[in-house]
Each structure stands twice: as structure tokens, then as C-alpha cells.
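Everything below concerns the one structure shown next.
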Number of protein chains: 4
Amino acid sequence: MQKNKAAEQQGQEEWIAELLTLSEEQKMTPKQLAILQAGIEIFSEKGYAAASTSEIAQRAGVAEGTIFRYYKTKKELLLSIVSPAMAKMIAPFVLRNFGGVLDVPFESYEAFLRAFMVNRLEFARKNFKILRIFVQEIPFQPVLREQFIENVMNNILERVTNITDHFKEKGEVAGVPTPSIIRFTISSVIGYLLARLLLMPDKDWDDEAEINLTIEFMLHGISGPAIRRENQ
Amino acid sequence: MQKNKAAEQQGQEEWIAELLTLSEEQKMTPKQLAILQAGIEIFSEKGYAAASTSEIAQRAGVAEGTIFRYYKTKKELLLSIVSPAMAKMIAPFVLRNFGGVLDVPFESYEAFLRAFMVNRLEFARKNFKILRIFVQEIPFQPVLREQFIENVMNNILERVTNITDHFKEKGEVAGVPTPSIIRFTISSVIGYLLARLLLMPDKDWDDEAEINLTIEFMLHGISGPAIRRENQ
Amino acid sequence: MQKNKAAEQQGQEEWIAELLTLSEEQKMTPKQLAILQAGIEIFSEKGYAAASTSEIAQRAGVAEGTIFRYYKTKKELLLSIVSPAMAKMIAPFVLRNFGGVLDVPFESYEAFLRAFMVNRLEFARKNFKILRIFVQEIPFQPVLREQFIENVMNNILERVTNITDHFKEKGEVAGVPTPSIIRFTISSVIGYLLARLLLMPDKDWDDEAEINLTIEFMLHGISGPAIRRENQ
Amino acid sequence: MQKNKAAEQQGQEEWIAELLTLSEEQKMTPKQLAILQAGIEIFSEKGYAAASTSEIAQRAGVAEGTIFRYYKTKKELLLSIVSPAMAKMIAPFVLRNFGGVLDVPFESYEAFLRAFMVNRLEFARKNFKILRIFVQEIPFQPVLREQFIENVMNNILERVTNITDHFKEKGEVAGVPTPSIIRFTISSVIGYLLARLLLMPDKDWDDEAEINLTIEFMLHGISGPAIRRENQ
DNA sequence: GATGAATGAGAGTTCATTCAT
DNA sequence: GATGAATGAACTCTCATTCAT
């Protein structure tokens, strides 16, 4: 268990490191940064359609025309906010594929789940507002939907499928259809993130305990004290 | 098992019956109905803020002014669509509390989960567009959020908590914090609904098998063939 | 000469009659008429690009939004002003083709020239502002250019060519290329219209004398008293 | 006839020479020249009001601000394009008045007309785009209009009046009001230029023949073979 | 001298809402 | 009850012009 934890911890930190390196590459003027920041805030507060460029300009402390020097249209501003975030979102999955040697760098499925949860929680915490915008707008922005399908389907899903299949062969995961396993797993993780960050952000959460509990649920279900006893 | 199934089946049908009785009480003119219907469609297609009342009027086949005879504002139209649906949403949980006698009318936790899933799937299927609107707008409409918190917190959550605690005492559910169990359970159910109805509605779904699998996951997790074998 | 004059007079009046019948067929609300009228004035005063819809609305005495109830765009308002005028412009030429019998209803080329000048002067006088807009915008509005080419090339030019060729055969017109004759003729007529209505509208014009003179020029040139004497 | 031709040819070339000497007097930086050139192109393509200074800057390959170093306003750029061209336009007429001796340096009115046409065609060909801008903008720019009236009325018209009166006395031109003669003459010339350069620039023109024909028209009209025969 | 980021007034257009019919 | 013409505020976006660098 100690070894596992160390490995996970390491996996997690690598992921985060990769995220960070991706993000600060573009040089922006302070005004552009202010516009982007104001856009994130107002889009996430009111939704894209109900946000007005004049309010964004005001919050950013620039003239309204300045927004349109950097972004030709309001929609381009939206995409400039969300698209890079989507790239960062898949970064930890994509970058793994290079470097090679070990394609599944996790000791156990549990280790994977833990690293996954910790990483996603960290990501969601850092990009909370952008994620909100993303989730709100994906039904209405075909461009976003296409990017999402392409990225998630061709990167994340494939990668998670590989990992899951790997541990299925090792007997750590039940011999049921992988898509169902993944759906169930992702539901549980996202369910936690939503409760944690969106529904009850002010509750006094013990993240480590809740993550452990959620992993327990995913691995052994909620059905009772016998199983419980074995694992706690 | 057979007996269980019959019971669940019955439970489910009762719930549906209750839903129906709630809905047709208001008398509406055909125009008002057309407006409501058009509102549902256009709000769910474009989102509330991006939908225009003139388009709704056109789709409904009425004059623009007619909408405002029935609904003072565009927002009132939105609420007239979503609020009743929210009432219907909690109906199966609320009505139970009357009639009394048996507060937990399920043979087992598994029976409850199955009834719950079947019922929610049915409900989501029937009210898909309204649910979309609801989910889209709840972050931006305080009125909706209040209604939701009040209804869900004070009705559904309380009731589900009761049921869960009941089976926790019976030993069918693990002795961990009930809120975590509920969060996990609801995540799994909603995850299935989303995949089923929103993400991949065109896939060839075997609902019964997927529901069984999801219940298996919820009860015993994904951790492997040994546990699997015991339960199937 | 007396007979000629009568015939011309008659031809001219028919043309005018035809013009009038074409114009008042559409029913318009007073507001729409005011918008159209204001559009004509302001477009002709400032040019299309430099005219603002807000100024048009103000001059028309309506709200700015009202313009866009009747005309989806500013450009549509422009075309709604100019296109019908173009139809009216070719009306006297088009309608001739029906009724048949006599395709060239003029006693002499001189009679034709006189009827043509009188008719065009009348038309230009009545539609001065619209013609200004038309001339100003035709280089920049492909739609206008297409309409103009189609109408003028396929209707007016063909018709005038027929008439000219007719009198060429009769020996009233020199045996030189018809296009050159037409170009020269139209230049002279338009030159008069421009001087008369645009360049020096305030001069004290004797239209009949100037028209006679211009016809003299077209028929016999400016070269001297001998020729002059023969014809006056 | 041979002699005439030589004289005209000479007259024409003198005029052109005068034009050239006028033009290269101002010293301009390459950037300013580029701005001027880009201004000419874009103003003539889109019209003054619809042209944007940013597009001009782009086409000129300079920064937006640079335009305003050389020309305080967009309108000043316009005038800097059109005004010098207007000066060049009247140059051949103005300069004649100096040097004196012979105020009417043409053997015949026909020689004058030919020299006039050839010269104007040459001028229009070389300054086509600027002339377009000039014609488009003169209705909307009082400054231009004043310059034009002053120059044309006080220089060209006076001079052409002198020439025409001279040949009227000699009996080469009919004894009708000079303004009408000039109007008619200029209409015919401009009509040719427009057809030649604007309406059908791609047609295969035989300029010499068309000019001869136009002069024929101006001198003897279009009225028939008898007159024709006398003059050809 | 040249730049181009920044401005803000004003452009065309949309839209929820009103009200006379 | 139902209409749809009319509104005017607010929207996104453009552009001539300024000015610190």
C-alpha cells in the first residue's frame, strides 16, 4: 500500500507538471489577459449568450473596441477561452503515449483510479470556471462539440480503454464490457467532482477520505459490511 | 428473484401512474399549448438566452403578442415550462409519503435501485427536452435553483436517505456515510441516463442488460470475476 | 411638321401613362412610405454608404427598429428604392412590344428623338433623386449592375437598335455602325439632362428650344449656317 | 487634311508635355507614395465612404498611424488625391493663355475637336481611377465642387468658349448659342470616353475610327448619306 | 519617422415588450 | 382573445483618430 501510494503520487505529479508546461507559452499583453479573464468570469456567470461584450470590456477595464482587436467576434473570444482548456484537458493522456516503455504506468487499477481522480480534481479545481463554460456551451457550439469528440474519443477514451483492458486481463477488473466499466467509472468521478465543486463547494470536505471511499465504491460497490471489512 | 422483479415492476408502474395524474390538470387553450410546445423545442435547441420569442411565436403559429397574453415575460414562459416538470420529477417520491403504512416499499436495496433507475429512465425519456432546458438554465435562474434545492433536498434526498438508512440497518448497504452512498448511486444512474439519452442516443442499447450491469456495479463494484460469480 | 408634333405628343403621353400605371400598385403603410421617402432623400444627399439608418428613421419620423421591420437590411432598403425605378425606367420600351402592329411607331427619326428626349426628361425630372442614387451606386452594387445590364441590354438597346436600323434603311440615318449612332445619341440626350437637372438646375431653361437645338445637333451637327438654314 | 493632322498631333503632344511637367514637383517619401497609390485604388474600388483607412494602410504596407502623419484626416487624403488631378485636368487649357501670340492654335474647329478628344482620352486613360473617385465624390464634397466650378467655369469653359466663338465667326460653327454647342460637344466627347473606358473597356476598339466618327457626328450629325458623302 | 495598441462614438441590427385595433 | 405594427434599449462590431513608444 505504501508503495502504491508513492507511485500514484508520482504519476499524479507528472500529470500536473505536464499541464503547467502547456499553458504559459503564449505571450499576451496585459489587456488581452484582462479580456480573457473577464470573459471567463462573465461567460461563466451569465452564460455565453447572455453575456455582453460591453460588460466584459468594463470588467476587463478596456474599451469595448479593444476586445475586437484581439478577437474578431464574441464567439472567437469564447473559443479562445475554451479550446486551449480542452487541449490542457487531454494533455496528461496524450503525452503519456510518448516516452513509451510502459504504456500503462500504474501498479494496479486502484492506483490508476486514484491518480485519475486526483488529477481530474486538481484540473477541475484550477479550471472550474472554464469547465463551466465548456459544459454550458458544448450543446450549442458545433465547433466545440467536434473538438471534444475528436479529442476525447480519439485520445482519452482509447487510452482509458487500453488501461482498463490491461487490468481486465490481469483479473483486477470484471469481465464485462469495457465501455460500461468506463461509463460507470467516469460517472462516479464526475459525480464526485460536481458534488465537491459545484453543488456543495462550501461543505467541509475531506478530499482524501472521499476519494478513498469513491474508489472503494467503484471497486467493490456499496453492498455491504463483508466486503467493506476486507478493504478497510 | 422473480418475486423481486414483479414487485419492482409494480413499484415502477405506480410511479408512472402518479406522474400522469399530475400533469393534465390545467386547462389550456390550444394556442397556449402550442406556445408551450414551441417554447420547449426552441429553448432546448438554442438555449433560453439565444431563443427569441418571435421564433417561438412563429413555430407555435401564433402572433408575437399572443405569447405575452399568456406569459407576462419570456422568463415566465421558461418557468412555466420547467417548474411543472420539476413537480413531476419529485412526484413519485412525494406521493409515497401519503398513504403511509409502508415507508420503504422495496424488498431489497437492489429492488429499490432497479425501480429507481427504470423510473428515472422513463421520466427522462418522456421529458428529455424539458430536462435539457432545466439542466442548462439552473445555473442562471435563481428561482429554479431555489425550487430545486427545496424540492430535492427536502423531498427526494430525505426520502432516499430514509430508504438507504433502512437497508444499511438491514446490512444490505455498507456502513459508510449515507450522503456518499447517495452521491455515488445517483452519479451512476445519471451517468447512465446521460450516456443513454444524450451522448449516444443512436447506439443500439439493451436497456435491461445495462441496467442490470449498472446495478451490479453499484452493489459490488468492478473489481473482478470472483465477486461477480457470487452474485450472478 | 404639325402632324409630326401631334404624333410625338401622343407617343410621349402614352409613355407617361404607362409609367404611372406601373408605380402605385403596391399598398404601403404610411410609415413604410415615410421610410422609403426618407431613404430616397438621405441616400441621394449623402450617398448610400455615408447615410445612416438612424438619420433615415429620424427623417421618416419612425423608430430605427421600424425600418428593419420593413427592410431586413439597409441594402434591402436601397434596392427597394432603386429596383422599382429601374423597372419604370424601361417600361415605355418594354410595353411597346405588346400590341404589335407597328413596331416602330414613329413617323421619322426626328420624331423618335423628340419623343425620346421629352420622355426621358420627364422621367428624370420625376425620379431625379432616385436616379442620382442609382448612378452613384451602380458601380458598387453588383445586384444593380446585373439588373441594369439585363434590362438595358436586352430591352432598351435592342429596341433602340431596331428603330435606328429602320430609319437607316429609310435613308434618314447615316450608314455608319448603329452602336456608334446610339452612343452618340444617348450621350447628347443624357448630356442635356445632366446640364438641365444636375449642373445648372436654376438656370432659366427654355426646354422646347433646347430640345429642338439638341435634335438639330444630333441630326445635322454643329458645322455651319448652310445646313442650319435648310432646316430652320 | 495632312497638314491638319500634323498640327493636331503637335498640339496634342504639347499638352501632354505640360501635363507631365506639372506632376512630379512634390517630393514624397516612398511610404507617402504608397499611401497615395493605395488610396487611389481603394477609393475607386469601394467609394470614399465605404473605404477604410485600415485597408488603405494594409494595401500600402504601412501602419495605420502612418497615414495620419501625412494626412490629418481621411478626407484630406481624398483631396490630396483628387485636387492635383483636377489641376492636371485643366493644365492644357490654362497654360495656353501664357505665351500669348496665337490664342487659338488650331487650324480648324475639326482640328480643335480632334486634339481635344485625343487629349482627353489620353488623360482619362492615365487617370482613370482618380477620375472615378472624382466623379463619385464631387456630389458629396463641397470643397471639390467649389474647386471644380472655379477651375472649369473660369478656365476651361472660358477658353473653349473663346475657341468656339472664334470659329463661329469664321463660319465653321453654326450661329446658335455657344453654351449649347459646348454642352453638346462635351457630351459627345465624354459619352465616348465613358463607353470606351468604363462601360465596355474590353471591346476591341478602333480609337482612330471612333474618334473620326464622333467628330463627324459632332460636325454634321447623323442624318444621312448625302451629307456623309460630302465629307468623307 | 513610423508604429500599432487603444479608444469610444456610432454603425446596423435584434428583440422583448406594448398597445391600438 | 388575438393580432402584429411599432418601439427603443441594448446588442455586436467597425472605424477614424490619437499617442506612447
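Model, not experiment: these values are computed from the prediction. Letters go in sequence order (proteins before strands), and every chain restarts at 1.
- Atom P of nucleotide F:dT14 and atom CD of A:E76 are separated by 11 Å, given to the nearest angstrom.
- Taking B:K72 as the reference, nothing meets the side chain to side chain donor-acceptor pair (under 3.5 Å) condition, with sequence neighbours excluded.
- Residues passing the salt bridge (Lys or Arg N to Asp or Glu O under 4.0 Å) test with A:E41 are A:R59, sequence neighbours excluded.
- One can place CE of A:M28 at 14 Å from P of E:dA5, the figure rounded to the nearest angstrom.
- Nucleotides of DNA chain E nearest to C:T73 and D:I67 differ in position, and the one nearer the 5' end is that of D:I67.
- Under the ring-ring contact (aromatic ring centres under 6.0 Å, His included) criterion, D:Y71 pairs with no residue, sequence neighbours left out.
- Side-chain contact check for C:E64 and C:T53: at least one donor-acceptor pair (N or O, by modelled atom type) lies under 3.5 Å.
- Rounded to an integer number of Å, the gap from OH of C:Y70 to P of F:dG4 is 13 Å.
- Across the protein-nucleic acid pair, B:I56 atom CD1 and F:dA2 atom P stand 17 Å apart, rounded to whole Å.
- Contacts of B:Y71 with the nucleic acid, taken as non-hydrogen atoms under 4.0 Å apart, are absent.
- In this view, B:F140 satisfies the ring-ring contact (aromatic ring centres under 6.0 Å, His included) rule with no residue, not counting sequence neighbours.
- Listed by first then second residue, pairs satisfying side-chain hydrogen bond (donor to acceptor under 3.5 Å, both in side chains) with a partner in residues 127-137 of chain A read A:E137-A:Q141, not counting sequence neighbours.
- Contacts between residues 29-55 of chain A and DNA chain E, defined by a heavy-atom separation below 4.0 Å, involve A:K31, listed by number.
- Annotation: side chain to side chain donor-acceptor pair (under 3.5 Å) contacts of A:E150 (sequence neighbours excluded): none.
- Listed by first and then second residue, the ring pair (Phe, Tyr, Trp, His ring centres under 6.0 Å) pairs involving residues 47-67 of chain C are C:F43-C:Y48 (not counting sequence neighbours).
- Between the NZ atom of B:K74 and the P atom of E:dA16 there is a distance of 5 Å, rounded to whole Å.
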Legend entry - Intra- and inter-strand pairs of DNA chain E in dot-bracket (Watson-Crick or G-U wobble, both distances under 3.5 Å; | for another strand): .||||||||||||||||||||
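- B:K46 pairs by the salt bridge (Lys or Arg N to Asp or Glu O under 4.0 Å) definition with B:E55, not counting sequence neighbours.
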Protein and nucleotides 18-21 of chain E: nitrogen or oxygen contacts under 3.5 angstrom:
none

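- Atom pair A:K75:NZ and F:dC13:C1' shows a separation of 15 Å (rounding to whole Å applied).
- Distance, D:L77 CG to F:dC15 C1': 15 Å, rounded to whole Å.
- Checked by atom type, the side-chain pair B:T29/B:Y70 shows a donor-acceptor distance below 3.5 Å.
- In terms of the side chain to side chain donor-acceptor pair (under 3.5 Å) criterion, D:T73 has no residue partners (sequence neighbours excluded).
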